[in-house]
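Okay, so here's the structure we're looking at.
Any value given below was found using the heavy atoms of this structure, including those in side chains, with hydrogens, waters and symmetry copies removed. Just follow the structure's listing: the first ligand is 1, and inside any ligand the first atom is 1.
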Amino acid sequence: GDTILQVAHRHDIELEGACEGVCACSTCHCILSDKLYELLEEDGKEASEDEEDMLDMAFGLEENSRLGCQII
Ligand code: FES
């Protein structure tokens with residue numbers, strides 16, 4: 001499947017992805033709706049430890065923050 005980052009780029013939605021999706025930056029930071037965030041958790045697609053570490057460096061971190069390149 002495609003990541004949110006790839007889908008955004010295909011639709012000309014501005015979302016940075018400085019590290020090209022390898023979880024080494026936090027420029028693809030997205031704040032999800034409650035609904036999507038919960039759906040991902042239910043599907044066992046919660047953030048990995050690596051993603052959490054990068055998220056800690058993201059600007060404007062919120063409860064529903066995820067990295068767009070890590071959501072498939
Ligand atoms: Fe770098 Fe997502 S594009 S962490």
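Looking at every heavy atom in both residues, H9 comes nearest to I13 through CD2-O, 4.0 Å. Of all the heavy atoms in S65 and G60, the pair that sits closest is OG-O, 4.4 Å.
What sits closest to atom 4 (S) of ligand 1 on the protein, heavy atoms only, is C25 O, 3.1 Å.
An angle of 110° is found at atom 2 (Fe) of ligand 1 between C28 atom SG and C69 atom SG, rounded to 10°.
The option from A58, G21, S26 that lies nearest to atom 3 (S) of ligand 1, judged by heavy atoms, is G21.
Listed by atom number, the atoms of ligand 1 under 4.0 Å from C23 heavy atoms are 4 (S). Distances below 4.0 Å separate heavy atoms of C19 from the following atoms of ligand 1: 1 (Fe), 3 (S), 4 (S). Every atom of ligand 1 with a heavy atom of A24 under 4.0 Å away is listed here by number and element: 4 (S). For ligand 1 and G17, the ligand atoms under 4.0 Å from any heavy atom of the residue are 3 (S).
In the hydrophobic clustering of ILVMFWY residues, with side-chain heavy atoms under 4.5 Å counting as a link, I31 and L15 come out apart.
With rounding to the nearest 0.5 angstrom, the CD atom of E51 is 10.0 Å from the CD atom of E46.
Within the 4.5 Å cutoff, no side-chain heavy atoms of D50 are placed close to those of Q70.
Of the candidates C30, C19, C28, L67 forms a side-chain contact (heavy atoms from CB on, under 4.5 Å) with just one, namely C28.
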